[in-house]
Asks: 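The structure's right below; bear with me while I get my questions together.
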Amino acid sequence: MEGLNMMSIEEQVKIIGKGADEIINIDDLKRKLERSQKTGIPLLIKLGLDPTAPDIHLGHTVVLRKIRQFQDMGHRAVIIIGDFTGMIGDPTGRSKTRKQLSRQEVIENARTYENQIFKVLDKEKTEVRFNSEWLSKLNLEDVIRLASKCTVARILEREDFQKRFNNHESIGIHELFYPLMQAYDSFVVKADVELGGTDQRFNILMGRSLQKDFGQESQVAIFMPILEGTDGIEKMSKSLGNYIGVDEEPNDIYGKTMSIPDKLITRYFELVTDIHPDELDEIKKSLNTGNVNPRDVKMRLARELTALYHGHEAAVVAENHFKKVFQKHELPEELEEYEVQQSIIDSDGIDMVKLLVSVGFCPSNSEARRLIFQGAVKVNGNKIETLKIDNLCNGDIIQAGKLKFVKVKIKS
RNA sequence: GGAGGGAUACCCAAGUGGCCAAAGGGGGCAGACUGUAAAUCUGUUGUCGCUGACUUCGAUGGUUCGAAUCCAUCUCCCUCCA
(Lines give C-alpha, C1' and ligand atoms only; values in the text may rest on other atoms or scores of the structure.)
Protein backbone atom coordinates (compact mmCIF):
# COMPACT_ATOMS: atom_id res chain seq x y z
CA MET A 1 0.00 0.00 0.00
CA GLU A 2 3.07 2.20 -0.07
CA GLY A 3 5.25 2.70 -3.12
CA LEU A 4 3.25 4.11 -5.94
CA ASN A 5 0.79 5.62 -3.57
CA MET A 6 3.43 8.17 -2.70
CA MET A 7 3.33 9.53 -6.21
CA SER A 8 2.01 13.01 -6.64
CA ILE A 9 -1.70 13.28 -7.21
CA GLU A 10 -1.05 14.70 -10.65
CA GLU A 11 1.02 11.67 -11.54
CA GLN A 12 -1.64 9.28 -10.28
CA VAL A 13 -4.35 11.04 -12.21
CA LYS A 14 -2.18 10.89 -15.29
CA ILE A 15 -1.78 7.15 -15.02
CA ILE A 16 -5.44 6.59 -14.33
CA GLY A 17 -6.41 8.82 -17.19
CA LYS A 18 -4.30 6.94 -19.67
CA GLY A 19 -6.51 5.27 -22.22
CA ALA A 20 -9.65 6.30 -20.38
CA ASP A 21 -12.41 7.68 -22.48
CA GLU A 22 -13.86 9.91 -19.81
CA ILE A 23 -13.66 10.50 -16.07
CA ILE A 24 -16.60 11.98 -14.22
CA ASN A 25 -15.59 13.91 -12.41
CA ILE A 26 -11.88 14.53 -12.40
CA ASP A 27 -11.95 16.88 -9.39
CA ASP A 28 -13.84 14.31 -7.37
CA LEU A 29 -11.18 11.81 -8.26
CA LYS A 30 -8.38 14.11 -7.15
CA ARG A 31 -10.17 14.80 -3.90
CA LYS A 32 -10.61 11.12 -3.19
CA LEU A 33 -7.00 10.34 -4.04
CA GLU A 34 -5.77 13.14 -1.80
CA ARG A 35 -7.87 11.99 1.08
CA SER A 36 -6.74 8.43 0.62
CA GLN A 37 -3.13 9.48 0.62
CA LYS A 38 -3.62 11.50 3.75
CA THR A 39 -5.61 8.97 5.73
CA GLY A 40 -3.98 5.85 4.34
CA ILE A 41 -7.39 4.40 3.62
CA PRO A 42 -7.41 2.88 0.16
CA LEU A 43 -10.15 3.71 -2.30
CA LEU A 44 -12.67 1.09 -3.24
CA ILE A 45 -12.85 0.49 -6.96
CA LYS A 46 -15.96 -1.24 -8.14
CA LEU A 47 -16.51 -3.28 -11.23
CA GLY A 48 -19.68 -5.11 -12.04
CA LEU A 49 -19.53 -8.21 -14.14
CA ASP A 50 -22.52 -9.69 -15.80
CA PRO A 51 -22.27 -13.45 -15.63
CA THR A 52 -23.73 -14.13 -19.04
CA ALA A 53 -20.53 -14.75 -20.95
CA PRO A 54 -18.47 -17.22 -18.98
CA ASP A 55 -15.17 -16.40 -20.62
CA ILE A 56 -13.02 -13.37 -20.04
CA HIS A 57 -11.55 -11.97 -23.20
CA LEU A 58 -9.31 -9.04 -24.02
CA GLY A 59 -12.31 -6.75 -24.16
CA HIS A 60 -12.89 -7.29 -20.46
CA THR A 61 -9.24 -6.80 -19.68
CA VAL A 62 -9.36 -3.17 -20.78
CA VAL A 63 -11.25 -2.40 -17.62
CA LEU A 64 -9.50 -5.01 -15.52
CA ARG A 65 -6.09 -3.56 -16.37
CA LYS A 66 -7.26 -0.14 -15.29
CA ILE A 67 -8.33 -1.59 -11.97
CA ARG A 68 -5.00 -3.28 -11.68
CA GLN A 69 -3.35 0.11 -11.97
CA PHE A 70 -5.41 1.32 -9.05
CA GLN A 71 -4.39 -1.75 -7.10
CA ASP A 72 -0.77 -1.12 -7.87
CA MET A 73 -1.25 2.29 -6.31
CA GLY A 74 -2.52 0.62 -3.19
CA HIS A 75 -6.26 0.68 -3.70
CA ARG A 76 -8.74 -2.13 -3.32
CA ALA A 77 -11.14 -3.57 -5.82
CA VAL A 78 -14.55 -5.05 -5.37
CA ILE A 79 -15.84 -7.20 -8.16
CA ILE A 80 -19.56 -7.56 -8.13
CA ILE A 81 -20.82 -10.57 -9.92
CA GLY A 82 -24.27 -9.67 -11.06
CA ASP A 83 -25.81 -13.00 -10.26
CA PHE A 84 -29.09 -11.38 -9.37
CA THR A 85 -29.10 -8.82 -12.16
CA GLY A 86 -27.86 -11.52 -14.48
CA MET A 87 -31.17 -13.17 -14.15
CA ILE A 88 -32.65 -10.06 -15.67
CA GLY A 89 -30.02 -9.39 -18.27
CA ASP A 90 -28.41 -6.04 -18.81
CA PRO A 91 -30.33 -4.31 -21.57
CA THR A 92 -27.33 -2.16 -22.43
CA GLY A 93 -26.72 -2.02 -26.14
CA ARG A 94 -29.23 -4.70 -26.78
CA SER A 95 -31.88 -4.32 -29.35
CA LYS A 96 -33.75 -7.23 -27.94
CA THR A 97 -34.71 -8.28 -24.48
CA ARG A 98 -32.05 -10.55 -23.14
CA LYS A 99 -32.67 -14.10 -22.30
CA GLN A 100 -33.04 -14.55 -18.60
CA LEU A 101 -30.53 -16.94 -17.13
CA SER A 102 -31.33 -19.64 -14.68
CA ARG A 103 -29.88 -19.56 -11.21
CA GLN A 104 -27.73 -22.56 -12.04
CA GLU A 105 -26.26 -21.05 -15.20
CA VAL A 106 -25.46 -17.83 -13.42
CA ILE A 107 -23.61 -19.58 -10.65
CA GLU A 108 -21.56 -21.67 -13.02
CA ASN A 109 -20.62 -18.70 -15.13
CA ALA A 110 -19.67 -16.67 -12.10
CA ARG A 111 -17.29 -19.35 -10.95
CA THR A 112 -15.51 -19.34 -14.30
CA TYR A 113 -15.20 -15.60 -14.05
CA GLU A 114 -13.62 -15.74 -10.64
CA ASN A 115 -10.94 -18.07 -11.91
CA GLN A 116 -10.08 -15.87 -14.82
CA ILE A 117 -10.06 -12.33 -13.49
CA PHE A 118 -7.03 -12.97 -11.38
CA LYS A 119 -4.95 -13.35 -14.48
CA VAL A 120 -5.11 -9.59 -14.45
CA LEU A 121 -6.11 -8.48 -10.98
CA ASP A 122 -4.20 -8.66 -7.74
CA LYS A 123 -5.98 -11.31 -5.74
CA GLU A 124 -4.80 -9.90 -2.42
CA LYS A 125 -6.50 -6.62 -3.06
CA THR A 126 -9.69 -7.90 -4.55
CA GLU A 127 -12.96 -8.85 -3.02
CA VAL A 128 -15.59 -10.72 -4.99
CA ARG A 129 -19.21 -10.34 -4.07
CA PHE A 130 -22.50 -11.44 -5.53
CA ASN A 131 -25.24 -8.88 -5.74
CA SER A 132 -27.95 -11.37 -4.88
CA GLU A 133 -26.52 -11.01 -1.37
CA TRP A 134 -28.42 -7.76 -0.95
CA LEU A 135 -30.73 -7.51 -3.94
CA SER A 136 -32.59 -10.70 -3.15
CA LYS A 137 -33.45 -9.32 0.26
CA LEU A 138 -35.24 -6.23 -0.92
CA ASN A 139 -38.96 -6.32 -0.43
CA LEU A 140 -41.50 -4.62 -2.60
CA GLU A 141 -41.51 -1.54 -0.42
CA ASP A 142 -37.75 -1.18 -0.80
CA VAL A 143 -38.03 -1.68 -4.50
CA ILE A 144 -40.66 0.98 -4.84
CA ARG A 145 -38.65 3.41 -2.78
CA LEU A 146 -35.69 2.69 -5.01
CA ALA A 147 -37.78 3.14 -8.12
CA SER A 148 -38.97 6.52 -6.89
CA LYS A 149 -35.43 7.83 -7.23
CA CYS A 150 -35.67 7.72 -10.93
CA THR A 151 -38.16 8.94 -13.47
CA VAL A 152 -39.39 7.31 -16.62
CA ALA A 153 -38.18 10.25 -18.67
CA ARG A 154 -34.74 9.84 -17.18
CA ILE A 155 -34.61 6.17 -18.02
CA LEU A 156 -35.88 6.76 -21.49
CA GLU A 157 -33.09 9.24 -22.12
CA ARG A 158 -30.94 6.25 -22.50
CA GLU A 159 -30.10 5.76 -26.10
CA ASP A 160 -30.76 2.06 -26.30
CA PHE A 161 -34.11 2.25 -24.54
CA GLN A 162 -35.03 5.23 -26.62
CA LYS A 163 -34.19 3.44 -29.79
CA ARG A 164 -36.19 0.42 -28.83
CA PHE A 165 -39.05 2.57 -27.74
CA ASN A 166 -39.09 4.54 -30.97
CA ASN A 167 -38.77 1.44 -33.05
CA HIS A 168 -41.76 -0.03 -31.27
CA GLU A 169 -39.69 -2.82 -29.84
CA SER A 170 -40.57 -4.35 -26.54
CA ILE A 171 -39.02 -3.20 -23.31
CA GLY A 172 -39.77 -5.29 -20.27
CA ILE A 173 -40.44 -3.38 -17.07
CA HIS A 174 -37.86 -5.50 -15.32
CA GLU A 175 -35.29 -4.12 -17.72
CA LEU A 176 -35.94 -0.61 -16.51
CA PHE A 177 -34.78 -1.69 -13.09
CA TYR A 178 -31.39 -2.79 -14.25
CA PRO A 179 -29.66 0.58 -13.95
CA LEU A 180 -31.20 1.15 -10.55
CA MET A 181 -30.04 -2.17 -9.26
CA GLN A 182 -26.53 -1.61 -10.51
CA ALA A 183 -26.61 1.78 -8.84
CA TYR A 184 -27.82 0.19 -5.64
CA ASP A 185 -24.80 -2.11 -5.71
CA SER A 186 -22.56 0.95 -5.61
CA PHE A 187 -24.46 2.27 -2.63
CA VAL A 188 -24.25 -1.00 -0.71
CA VAL A 189 -20.52 -1.47 -1.16
CA LYS A 190 -19.83 2.26 -0.82
CA ALA A 191 -17.84 2.43 -4.01
CA ASP A 192 -15.41 5.31 -4.49
CA VAL A 193 -14.87 4.65 -8.15
CA GLU A 194 -16.76 2.57 -10.65
CA LEU A 195 -15.11 1.35 -13.81
CA GLY A 196 -16.87 0.36 -16.93
CA GLY A 197 -17.00 0.56 -20.68
CA THR A 198 -18.46 3.60 -22.33
CA ASP A 199 -21.61 1.59 -22.87
CA GLN A 200 -22.05 1.54 -19.09
CA ARG A 201 -22.34 5.28 -18.97
CA PHE A 202 -25.93 5.43 -17.92
CA ASN A 203 -25.75 2.66 -15.36
CA ILE A 204 -22.68 4.04 -13.68
CA LEU A 205 -23.91 7.61 -13.59
CA MET A 206 -27.09 6.31 -12.01
CA GLY A 207 -24.86 5.04 -9.23
CA ARG A 208 -23.50 8.52 -8.71
CA SER A 209 -26.89 10.07 -8.32
CA LEU A 210 -28.36 7.29 -6.23
CA GLN A 211 -25.50 7.44 -3.75
CA LYS A 212 -26.06 11.15 -3.46
CA ASP A 213 -29.79 10.66 -2.96
CA PHE A 214 -29.04 8.24 -0.17
CA GLY A 215 -26.64 10.68 1.45
CA GLN A 216 -23.44 8.98 0.41
CA GLU A 217 -20.47 10.48 -1.36
CA SER A 218 -20.82 9.91 -5.08
CA GLN A 219 -18.54 7.53 -6.84
CA VAL A 220 -16.24 8.64 -9.60
CA ALA A 221 -17.13 7.16 -12.95
CA ILE A 222 -14.35 6.05 -15.26
CA PHE A 223 -15.25 4.92 -18.73
CA MET A 224 -12.91 2.88 -20.82
CA PRO A 225 -13.28 2.56 -24.57
CA ILE A 226 -14.89 -0.53 -25.98
CA LEU A 227 -12.35 -2.74 -27.64
CA GLU A 228 -12.99 -3.83 -31.19
CA GLY A 229 -12.72 -7.52 -31.86
CA THR A 230 -10.41 -9.30 -34.26
CA ASP A 231 -12.64 -8.29 -37.16
CA GLY A 232 -11.81 -4.67 -36.43
CA ILE A 233 -15.41 -3.54 -36.61
CA GLU A 234 -17.70 -4.98 -33.99
CA LYS A 235 -16.96 -4.82 -30.31
CA MET A 236 -15.19 -7.84 -29.01
CA SER A 237 -17.66 -10.38 -27.80
CA LYS A 238 -17.94 -14.05 -27.43
CA SER A 239 -21.18 -14.31 -29.32
CA LEU A 240 -19.71 -12.58 -32.36
CA GLY A 241 -16.76 -14.94 -32.32
CA ASN A 242 -14.29 -12.11 -32.76
CA TYR A 243 -12.63 -12.44 -29.38
CA ILE A 244 -9.32 -13.44 -27.92
CA GLY A 245 -9.87 -15.20 -24.62
CA VAL A 246 -7.39 -14.98 -21.76
CA ASP A 247 -7.74 -18.71 -21.32
CA GLU A 248 -6.82 -19.58 -24.86
CA GLU A 249 -3.78 -21.52 -25.99
CA PRO A 250 -0.61 -19.51 -26.71
CA ASN A 251 -0.79 -20.32 -30.41
CA ASP A 252 -4.33 -19.06 -30.58
CA ILE A 253 -3.64 -15.85 -28.71
CA TYR A 254 -0.66 -15.20 -30.92
CA GLY A 255 -2.39 -16.16 -34.15
CA LYS A 256 -5.60 -14.34 -33.47
CA THR A 257 -3.65 -11.23 -32.61
CA MET A 258 -1.90 -11.46 -35.95
CA SER A 259 -5.26 -11.58 -37.64
CA ILE A 260 -6.43 -8.20 -36.38
CA PRO A 261 -6.45 -5.46 -39.01
CA ASP A 262 -3.32 -3.36 -39.05
CA LYS A 263 -5.15 -0.21 -38.08
CA LEU A 264 -5.96 -1.71 -34.70
CA ILE A 265 -2.38 -2.32 -33.66
CA THR A 266 -1.82 0.79 -31.61
CA ARG A 267 -5.23 0.57 -30.04
CA TYR A 268 -4.48 -2.89 -28.77
CA PHE A 269 -1.11 -1.76 -27.47
CA GLU A 270 -2.78 1.06 -25.64
CA LEU A 271 -5.69 -0.79 -24.16
CA VAL A 272 -4.68 -4.36 -23.52
CA THR A 273 -0.93 -4.46 -22.89
CA ASP A 274 1.21 -3.13 -20.09
CA ILE A 275 3.43 -1.18 -22.40
CA HIS A 276 4.77 2.16 -21.16
CA PRO A 277 3.12 5.28 -22.58
CA ASP A 278 6.41 6.61 -23.92
CA GLU A 279 6.97 3.41 -25.80
CA LEU A 280 3.47 3.57 -27.14
CA ASP A 281 4.25 6.97 -28.59
CA GLU A 282 7.31 5.60 -30.28
CA ILE A 283 5.35 2.77 -31.81
CA LYS A 284 2.73 5.18 -33.09
CA LYS A 285 5.42 7.36 -34.58
CA SER A 286 7.21 4.54 -36.32
CA LEU A 287 3.98 3.25 -37.80
CA ASN A 288 3.03 6.69 -39.02
CA THR A 289 6.33 7.40 -40.68
CA GLY A 290 6.10 4.05 -42.40
CA ASN A 291 9.67 3.00 -41.80
CA VAL A 292 8.56 -0.11 -39.96
CA ASN A 293 6.73 -3.09 -41.30
CA PRO A 294 3.36 -3.16 -39.52
CA ARG A 295 3.67 -6.90 -39.47
CA ASP A 296 6.70 -6.70 -37.20
CA VAL A 297 4.92 -4.35 -34.85
CA LYS A 298 1.97 -6.66 -34.80
CA MET A 299 4.23 -9.57 -34.06
CA ARG A 300 5.54 -7.71 -31.09
CA LEU A 301 1.98 -7.09 -29.95
CA ALA A 302 1.16 -10.75 -30.35
CA ARG A 303 4.25 -11.66 -28.36
CA GLU A 304 3.41 -9.26 -25.56
CA LEU A 305 -0.13 -10.49 -25.31
CA THR A 306 0.82 -14.13 -25.33
CA ALA A 307 3.47 -13.47 -22.70
CA LEU A 308 0.96 -11.69 -20.53
CA TYR A 309 -1.14 -14.80 -20.16
CA HIS A 310 1.34 -17.61 -20.67
CA GLY A 311 4.79 -16.19 -19.97
CA HIS A 312 7.66 -15.22 -22.22
CA GLU A 313 8.78 -18.71 -23.08
CA ALA A 314 5.39 -19.73 -24.36
CA ALA A 315 5.24 -16.52 -26.36
CA VAL A 316 8.50 -17.31 -28.10
CA VAL A 317 7.31 -20.81 -28.90
CA ALA A 318 4.05 -19.44 -30.29
CA GLU A 319 5.95 -16.96 -32.40
CA ASN A 320 8.15 -19.64 -33.88
CA HIS A 321 5.10 -21.72 -34.63
CA PHE A 322 3.52 -18.79 -36.40
CA LYS A 323 6.62 -18.06 -38.47
CA LYS A 324 6.97 -21.64 -39.46
CA VAL A 325 3.39 -22.39 -40.34
CA PHE A 326 2.04 -19.11 -41.65
CA GLN A 327 5.01 -17.25 -42.98
CA LYS A 328 7.07 -20.06 -44.39
CA HIS A 329 4.18 -22.41 -44.91
CA GLU A 330 6.05 -25.21 -43.27
CA LEU A 331 4.62 -27.92 -41.11
CA PRO A 332 4.05 -27.29 -37.44
CA GLU A 333 6.31 -28.92 -34.88
CA GLU A 334 3.72 -31.15 -33.44
CA LEU A 335 1.16 -32.92 -35.50
CA GLU A 336 -1.84 -34.74 -34.33
CA GLU A 337 -1.96 -38.35 -35.34
CA TYR A 338 -4.94 -39.87 -36.98
CA GLU A 339 -5.58 -43.54 -37.32
CA VAL A 340 -7.02 -44.37 -40.70
CA GLN A 341 -10.07 -46.59 -40.54
CA GLN A 342 -10.41 -49.58 -42.79
CA SER A 343 -13.84 -48.44 -43.91
CA ILE A 344 -12.49 -45.67 -46.11
CA ILE A 345 -10.11 -47.91 -47.93
CA ASP A 346 -11.50 -50.03 -50.72
CA SER A 347 -10.25 -51.58 -53.93
CA ASP A 348 -10.19 -48.20 -55.72
CA GLY A 349 -7.95 -46.67 -53.14
CA ILE A 350 -8.57 -44.24 -50.34
CA ASP A 351 -11.67 -42.10 -50.22
CA MET A 352 -10.33 -38.64 -49.39
CA VAL A 353 -13.79 -37.20 -48.90
CA LYS A 354 -14.59 -39.60 -46.12
CA LEU A 355 -11.14 -39.22 -44.70
CA LEU A 356 -11.42 -35.45 -44.42
CA VAL A 357 -14.75 -35.74 -42.70
CA SER A 358 -13.69 -38.39 -40.26
CA VAL A 359 -10.55 -36.46 -39.34
CA GLY A 360 -12.88 -33.61 -38.49
CA PHE A 361 -11.56 -31.15 -41.07
CA CYS A 362 -15.02 -30.57 -42.45
CA PRO A 363 -18.57 -31.26 -41.34
CA SER A 364 -19.97 -32.85 -44.50
CA ASN A 365 -18.93 -34.75 -47.57
CA SER A 366 -19.96 -31.87 -49.78
CA GLU A 367 -17.67 -29.58 -47.90
CA ALA A 368 -14.82 -32.04 -48.26
CA ARG A 369 -15.46 -32.32 -51.97
CA ARG A 370 -15.38 -28.55 -52.26
CA LEU A 371 -12.07 -28.33 -50.44
CA ILE A 372 -10.54 -30.82 -52.81
CA PHE A 373 -11.87 -29.04 -55.89
CA GLN A 374 -10.56 -25.76 -54.57
CA GLY A 375 -7.11 -27.18 -54.32
CA ALA A 376 -6.93 -26.87 -50.56
CA VAL A 377 -6.01 -30.45 -49.78
CA LYS A 378 -2.47 -31.70 -49.85
CA VAL A 379 -0.80 -34.96 -49.01
CA ASN A 380 2.85 -34.54 -48.13
CA GLY A 381 2.72 -31.13 -49.73
CA ASN A 382 1.32 -32.34 -53.04
CA LYS A 383 -2.03 -31.04 -54.09
CA ILE A 384 -4.75 -33.65 -54.43
CA GLU A 385 -6.89 -33.35 -57.52
CA THR A 386 -9.05 -36.42 -57.29
CA LEU A 387 -11.53 -37.60 -54.75
CA LYS A 388 -9.65 -40.82 -54.27
CA ILE A 389 -5.99 -41.47 -53.92
CA ASP A 390 -4.14 -44.70 -54.42
CA ASN A 391 -2.29 -45.06 -51.23
CA LEU A 392 -1.36 -43.64 -47.88
CA CYS A 393 1.62 -44.60 -45.79
CA ASN A 394 2.31 -44.39 -42.14
CA GLY A 395 3.48 -40.87 -41.36
CA ASP A 396 2.00 -39.22 -44.43
CA ILE A 397 0.81 -35.73 -43.72
CA ILE A 398 -2.58 -34.54 -44.81
CA GLN A 399 -3.26 -30.83 -44.94
CA ALA A 400 -6.52 -28.99 -45.59
CA GLY A 401 -6.22 -25.27 -46.03
CA LYS A 402 -3.56 -23.39 -44.14
CA LEU A 403 -4.46 -24.37 -40.64
CA LYS A 404 -5.38 -27.99 -40.53
CA PHE A 405 -2.81 -30.73 -40.49
CA VAL A 406 -2.83 -34.33 -39.45
CA LYS A 407 -0.33 -37.17 -39.55
CA VAL A 408 -1.59 -40.46 -40.79
CA LYS A 409 -1.23 -43.59 -38.78
CA ILE A 410 -2.03 -46.88 -40.38
CA LYS A 411 -3.11 -49.67 -38.17
CA SER A 412 -1.30 -52.81 -39.19
C1' G B 1 -60.69 -7.93 -25.51
C1' G B 2 -60.52 -5.52 -30.77
C1' A B 3 -57.54 -4.21 -35.35
C1' G B 4 -53.22 -4.85 -38.12
C1' G B 5 -47.97 -6.43 -39.39
C1' G B 6 -44.47 -10.31 -39.47
C1' A B 7 -41.81 -15.43 -39.37
C1' U B 8 -37.14 -17.22 -45.86
C1' A B 9 -30.51 -20.62 -45.41
C1' C B 10 -25.14 -19.02 -40.03
C1' C B 11 -27.06 -13.54 -39.76
C1' C B 12 -29.56 -9.44 -42.41
C1' A B 13 -32.68 -9.46 -46.50
C1' A B 14 -35.21 -10.15 -51.78
C1' G B 15 -38.75 -13.29 -53.79
C1' U B 16 -46.42 -13.20 -54.12
C1' G B 17 -47.94 -20.18 -58.81
C1' G B 18 -43.41 -23.04 -62.84
C1' C B 19 -37.17 -20.08 -65.35
C1' C B 20 -36.18 -21.17 -56.96
C1' A B 21 -31.54 -24.96 -53.72
C1' A B 22 -34.05 -19.67 -53.63
C1' A B 23 -31.27 -12.44 -55.72
C1' G B 24 -28.16 -9.13 -52.77
C1' G B 25 -25.15 -7.99 -48.46
C1' G B 26 -22.56 -9.68 -44.09
C1' G B 27 -20.02 -13.70 -42.02
C1' G B 28 -17.49 -18.45 -42.96
C1' C B 29 -14.30 -21.44 -46.02
C1' A B 30 -10.77 -21.82 -50.07
C1' G B 31 -7.41 -19.89 -53.84
C1' A B 32 -4.23 -15.87 -55.71
C1' C B 33 -1.24 -12.09 -54.15
C1' U B 34 1.56 -10.29 -50.02
C1' G B 35 5.90 -7.37 -45.62
C1' U B 36 1.15 -10.70 -41.94
C1' A B 37 -3.94 -15.39 -40.39
C1' A B 38 -3.61 -7.18 -42.41
C1' A B 39 -5.34 -5.06 -47.03
C1' U B 40 -6.85 -6.37 -52.02
C1' C B 41 -8.79 -9.66 -55.83
C1' U B 42 -11.29 -14.38 -57.26
C1' G B 43 -14.10 -18.60 -56.25
C1' U B 44 -17.28 -21.08 -52.98
C1' U B 45 -21.03 -21.44 -49.12
C1' G B 46 -28.31 -27.31 -47.96
C1' U B 47 -27.34 -32.66 -48.18
C1' C B 48 -26.11 -37.13 -50.71
C1' G B 49 -24.00 -42.85 -53.70
C1' C B 50 -22.92 -35.16 -57.16
C1' U B 51 -23.29 -33.62 -64.98
C1' G B 52 -28.27 -36.60 -61.26
C1' A B 53 -31.26 -37.24 -56.81
C1' C B 54 -33.17 -35.85 -52.15
C1' U B 55 -34.66 -32.38 -48.19
C1' U B 56 -35.43 -26.95 -47.10
C1' C B 57 -38.58 -20.95 -46.98
C1' G B 58 -42.46 -20.93 -38.58
C1' A B 59 -45.94 -25.87 -38.02
C1' U B 60 -49.78 -28.99 -39.93
C1' G B 61 -53.29 -30.05 -43.57
C1' G B 62 -55.48 -28.61 -48.38
C1' U B 63 -56.02 -26.52 -53.68
C1' U B 64 -52.98 -27.43 -58.16
C1' C B 65 -49.94 -31.18 -63.39
C1' G B 66 -46.81 -27.87 -60.30
C1' A B 67 -46.38 -23.81 -54.12
C1' A B 68 -41.49 -20.15 -50.41
C1' U B 69 -45.54 -18.04 -53.25
C1' C B 70 -52.92 -19.52 -53.10
C1' C B 71 -56.50 -21.47 -48.98
C1' A B 72 -57.47 -23.34 -43.80
C1' U B 73 -55.99 -24.20 -38.93
C1' C B 74 -52.16 -23.61 -35.36
C1' U B 75 -47.55 -21.64 -32.90
C1' C B 76 -44.38 -17.62 -31.88
C1' C B 77 -43.03 -12.30 -32.27
C1' C B 78 -44.28 -7.08 -32.91
C1' U B 79 -47.46 -2.68 -33.27
C1' C B 80 -51.88 0.20 -32.55
C1' C B 81 -56.62 0.77 -29.89
C1' A B 82 -58.83 -0.58 -25.03
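Quick note on labels: first sequence line is chain A, next is B, and so on, each numbered from 1. Note: hydrogens, waters and symmetry copies are ignored here, and every other heavy atom, side chains too, is used.
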Asks: For A:K256, give me all partners under salt bridge (charged side-chain N to carboxylate O under 4.0 Å, His left out), at least two apart in sequence or on another chain.
Replies: A:E248
Asks: Could you please name the partner base of B:G66, counting Watson-Crick and G-U wobble pairs only when both distances are under 3.5 Å?
Replies: none
Asks: Let me know the distance between NZ of A:K354 and P of B:U47, rounded to the nearest Å.
Replies: 17 Å
Asks: When the P atoms of B:U42 and B:U55 are compared, how many Å lie between them, rounded to an integer?
Replies: 36 Å
Asks: Just jot down the side chain to side chain donor-acceptor pair (under 3.5 Å) partners of A:K404, sequence neighbours excluded, or say none.
Replies: none
Asks: Do A:E234 and A:N242 have a side chain donor and acceptor closer than 3.5 Å?
Replies: no
Asks: In whole Å, measure the gap between the C1' atoms of B:U64 and B:U51 for me.
Replies: 31 Å
Asks: For B:G24, give the paired nucleotide (Watson-Crick: N1-N3 plus N6-O4 or O6-N4; G-U: N1-O2 and O6-N3; both under 3.5 Å), or none.
Replies: B:C12
Asks: If each of A:V292 and A:I233 is mapped to the nucleotide of RNA chain B with the nearest heavy atom, which maps nearer the 5' terminus, i.e. the 5' end?
Replies: A:I233
Asks: May I have the list of side-chain donor-acceptor pairs in residues 136-150 of chain A shorter than 3.5 Å, sequence neighbours left out?
Replies:
unit_1	atom_1	unit_2	atom_2	d
A:S136	OG	A:S132	O	2.5
A:K137	NZ	A:E133	O	3.0
A:N139	OD1	A:E141	N	3.0
A:N139	OD1	A:D142	N	2.8
A:E141	OE2	A:R145	NH2	3.0
A:D142	OD2	A:N139	N	3.0
A:S148	OG	A:R145	O	2.5

Asks: Could you measure between the two P atoms, the one in B:G5 and the one in B:A72, and give it in whole Å?
Replies: 13 Å
Asks: Please list, pair by pair, any protein nitrogen or oxygen found under 3.5 Å from a nitrogen or oxygen in nucleotides 39-43 of chain B.
Replies:
unit_1	atom_1	unit_2	atom_2	d
B:G43	N2	A:Q374	OE1	2.7

Asks: Whole angstrom is fine here: how far is it from NZ in A:K402 over to C1' in B:C33?
Replies: 9 Å
Asks: Tell me every residue that passes salt bridge (charged side-chain N to carboxylate O under 4.0 Å, His left out) with A:K298, counting only those two or more places apart in sequence or in another chain.
Replies: A:D262
Asks: Separation of A:K404 atom NZ from B:C29 atom C1', in whole Å?
Replies: 7 Å
Asks: A:L301 CG to B:A37 C1': how many Å, rounded?
Replies: 14 Å
Asks: Classify A:V353 by what it touches in the nucleic acid, base, sugar-phosphate, or nothing, heavy-atom distance under 4.0 Å.
Replies: nothing
Asks: Per the side chain to side chain donor-acceptor pair (under 3.5 Å) rule, what does the pair list look like for residues 277-286 of chain A, sequence neighbours excluded?
Replies: A:E279-A:R300
Asks: Rounding to the closest angstrom, what is the interatomic distance between B:G6 and B:C10 at atom P?
Replies: 24 Å
Asks: Which value, in whole Å, describes the distance between the C1' atoms of nucleotides B:G58 and B:C65?
Replies: 28 Å
Asks: Go ahead and name the base partner of B:A72; Watson-Crick or wobble counts if both distances stay under 3.5 Å, otherwise write none.
Replies: B:U60
Asks: Give the rounded distance in Å between these two atoms: CG of A:N242 and C1' of B:A37.
Replies: 15 Å
Asks: Applying a 3.5 Å limit to both distances, which nucleotide forms a Watson-Crick or G-U wobble pair with B:G43?
Replies: B:C29
Asks: When the distance from CG of A:D262 to C1' of B:A37 is rounded to whole Å, what number comes out?
Replies: 11 Å
Asks: What does A:G401 touch in the nucleic acid at a heavy-atom separation under 4.0 angstrom: a base, only the sugar-phosphate, or nothing?
Replies: sugar-phosphate
Asks: So, A:K66 versus A:Q69: side-chain donor-acceptor pair below 3.5 Å or not?
Replies: yes
Asks: Mind checking A:F322 for me? I need base, sugar-phosphate or nothing, with any heavy atom below 4.0 Å counting as a touch.
Replies: base
Asks: What integer distance in Å separates A:D296:CG from B:A37:P?
Replies: 13 Å
Asks: Between A:M299 and A:Q327, is the side-chain contact (heavy atoms from CB on, under 4.5 Å) condition met? List the steps.
Replies: CA-CA 12 Å; A:M299 284 176 82; A:Q327 291 188 357; 3.5 Å; yes
Asks: Taking only the P atom of each, what is the distance from B:A32 to B:C12 in whole angstrom?
Replies: 34 Å
Asks: Counting only side-chain nitrogens and oxygens, does A:S364 get under 4.0 Å of the OP1 or OP2 atom of B:C48?
Replies: yes
Asks: Can you tell me if A:E339 has over 12 outside heavy atoms packed within less than 6.0 Å of its CD?
Replies: yes
Asks: What contact category does A:I265 fall into here, base, sugar-phosphate, or nothing, at under 4.0 angstrom with non-hydrogen atoms?
Replies: nothing
Asks: Taking the inter-plane angle between the rings of A:Y184 and A:F214 on a 0 to 90° scale, is it parallel (under 30°), tilted (30 to 60°) or perpendicular (over 60°)?
Replies: perpendicular
Asks: Only counting residues at least two apart or in another chain, list the ones meeting salt bridge (charged side-chain N to carboxylate O under 4.0 Å, His left out) with A:K383.
Replies: none
Asks: B:G25 P sits how many Å from A:E234 CD, rounded?
Replies: 19 Å
Asks: Can you tell me, in whole Å, how much space there is between the C1' of B:U56 and that of B:A3?
Replies: 34 Å
Asks: Could you tell me how far B:A59 sits from B:G49 if I compare only their C1' atoms? Round to whole Å.
Replies: 32 Å
Asks: Look through every strand shown and name the nucleotide pairing with B:C50 as Watson-Crick or G-U wobble, where both distances are under 3.5 Å.
Replies: none
Asks: Under 4.0 Å from any atom of RNA chain B, heavy atoms only: list the residues of residues 365-372 of chain A that qualify, in numerical order.
Replies: A:N365, A:S366, A:R369, A:R370, A:L371
Asks: Any strand counts, and the cut-off is 3.5 Å on both contacts for Watson-Crick or G-U wobble. Which nucleotide pairs with B:U34?
Replies: none
Asks: Go ahead and name the base partner of B:G1; Watson-Crick or wobble counts if both distances stay under 3.5 Å, otherwise write none.
Replies: B:C81
Asks: Would you please name every residue forming a salt bridge (charged side-chain N to carboxylate O under 4.0 Å, His left out) with A:D231, sequence neighbours left out?
Replies: none
